[in-house]
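Working notes, structure below.
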Amino acid sequence: MPGLFIAFEGGEGAGKTTQSLLLAERLAELQTPHLLVREPGGTELGEYLREYLKSERPLSPEAELLLFEAARVELVSCQIVPALEAGQVVIADRFFGSTIAYQGYGRGLDLQIIDSLNRFAAGSATPDLTILLDLSPEAGIRRAMAFQTSFSQDASGGLAPLERNEEGTRFEDLDLDFHNRARAGFKELAEAQQETWVMIDALGSIESVQDEIWSRTRERLYPEEKAARARPRAPTNPVPQGELWPQAT
Ligand code: TMP
């Protein structure tokens, strides 16, 4: 597909929402057409399921998995694929890496089943770049409960700020072992797919993390810049005839 698909992943409080909003702002300044979505959410069904999934209401791990995938199918078909086909940059605040980490490594559900459901739900919409913001669960959950804001999204993609404490805390409330398993899962994914995943230490300042994210995004947005940097360049000072640098023909 002609667009560029960037997903943010990581545990609670790692700064995905803050960083994805900042990246979207930067693209807006550059007048680069883009779409910011979050998972679960971004469609009428997705937002409805998000509310249930984040609440503390009863839910088996298997049903939880299927609800995340149902929200994903809607988001991919109604928002992500049309935006990518139109050549836009899609930024997703979580995508299928979260299902592998949380429902697979965290809840202990079968990784092969999760992988097939992910493929079924996402189809050809696979992130070109996944940015993993890595942080210890102790630090992340403290941050998530204390400072972070979230955003709500209507079916047409409109965003509105939302205080995190307006949402339920099904996952924040799980024990540290769960979050450590999920973190290990994210790291394994990043290590196994180094071509498309980058891991960034989320303890850095908001600005330094954003700079790193922008440099990785830029490489994907403007690959010709990277190729030009990699090519040996002729010296800027005129080279006297007979020097070693080959002359242009
Ligand atoms: P967040 O958008 O505030 O991060 O909340 C989404 C929560 O849902 C978060 O705790 C991670 C969890 N989640 C999963 O467990 N599996 C998934 O596939 C996704 C997308 C999110």
Side-chain angles (χ1 to χ4, degrees), residues 5 7-21 36-43 45-57 59-76 79-80 90-111 113-122 125 127 130-135 137 140-153 159-176 178-183 185-186 189 202:
F5 186 6
F8 281 88
E9 296 285 10
E12 309 300 316
K16 295 173 304 300
T17 304
T18 305
Q19 294 296 343
S20 49
L21 283 163
L36 172 60
V37 293
R38 64 166 178 185
E39 276 219 331
T43 63
L45 177 68
E47 291 295 321
Y48 181 79
L49 293 177
R50 179 182 179 92
E51 202 269 315
Y52 195 99
L53 280 161
K54 293 209 65 162
S55 76
E56 291 88 46
R57 276 175 276 165
L59 191 57
S60 66
E62 291 78 4
E64 181 183 286
L65 166 65
L66 293 171
L67 293 184
F68 277 117
E69 298 293 359
R72 179 163 301 137
V73 173
E74 287 294 290
L75 185 65
V76 166
Q79 304 273 3
I80 295 180
V90 172
I91 305 167
D93 182 352
R94 295 193 182 279
F95 202 57
F96 52 42
S98 284
T99 320
I100 299 173
Y102 279 71
Q103 279 65 52
Y105 287 77
R107 298 279 194 216
L109 295 180
D110 187 298
L111 289 172
I113 292 179
I114 295 176
D115 187 50
S116 357
L117 287 170
N118 280 345
R119 286 169 199 271
F120 176 68
T130 298
I131 296 168
L132 170 59
L133 298 180
D134 179 58
L135 187 65
I141 290 169
R142 243 193 335 267
R143 262 204 211 168
M145 302 307 274
F147 306 115
Q148 277 211 333
T149 55
S150 185
F151 57 87
S152 67
Q153 195 163 38
L159 302 178
L162 178 75
E163 288 304 318
R164 182 167 293 268
N165 58 15
E166 289 174 36
E167 295 195 297
T169 53
R170 179 186 307 278
F171 295 97
E172 286 93 336
D173 291 345
L174 291 169
D175 59 28
L176 278 180
F178 173 94
H179 290 288
N180 276 315
R181 286 196 301 277
R183 182 189 195 192
F186 278 129
L189 288 171

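Note that ligands are numbered from 1 as they come in the structure, with each ligand's atoms numbered from 1 the same way. Quick caveat, the model's predicted, so the values are computed rather than measured.
- With hydrogens and angles disregarded, no donor-acceptor distance shorter than 3.5 Å links the side chain of R183 to the backbone of G10.
- When the side-chain contact (heavy atoms from CB on, under 4.5 Å) test is applied to E62, the partners found at least two apart in sequence or on another chain are S60, L109.
- Of all the atoms in ligand 1, the ones that sit under 4.0 Å from a non-hydrogen atom of R72 are 18 (O), 20 (C).
- For ligand 1, the atoms lying closer than 4.0 Å to a non-hydrogen atom of R50 are 1 (P), 2 (O), 3 (O), 5 (O).
- Close contacts between ligand 1 and T99 involve ligand atoms 17 (C), 18 (O) [criterion: under 4.0 Å to a heavy atom].
- In E64, neither the side chain nor the backbone holds a heavy atom less than 4.0 Å from any atom of ligand 1.
- F178 and F171 have tilted rings, their planes meeting at an angle from 30° to 60° on a 0 to 90° scale.
- Checked by atom type and distance alone, the side chain of E9 pairs as donor or acceptor with a backbone atom of G97 at under 3.5 Å.
- Taking only non-hydrogen atoms, the option from Y102, F68, F95, F96 nearest to atom 8 (O) of ligand 1 is F68.
- With R38 contributing its side chain and D93 its backbone, the two residues share no donor-acceptor pair below 3.5 Å.
- Residue E167 has no nitrogen or oxygen atom sitting less than 3.5 Å from a nitrogen or oxygen atom of ligand 1, judged on distance alone.
- Of the polar atoms of E172, none of the N or O atoms is found under 3.5 Å from an N or O of ligand 1, judged by distance alone.
- Checking side-chain atoms of R170 against main-chain N and O of Y52 turns up a donor-acceptor pair under 3.5 Å.
- At a heavy-atom distance under 4.0 Å, only side-chain atoms of K54, from C-beta outward, approach ligand 1.
- Atoms of ligand 1 found under 4.0 Å from any heavy atom of E12 (numbered from 1 in listed order, with element): 9 (C), 10 (O), 11 (C).
- Residue contact annotation: R38 has no non-hydrogen atom under 4.0 Å from ligand 1.
- Although no hydrogens or angles enter the test, the distance criterion places a donor-acceptor pair under 3.5 Å between the side chain of Q79 and the main chain of G42.
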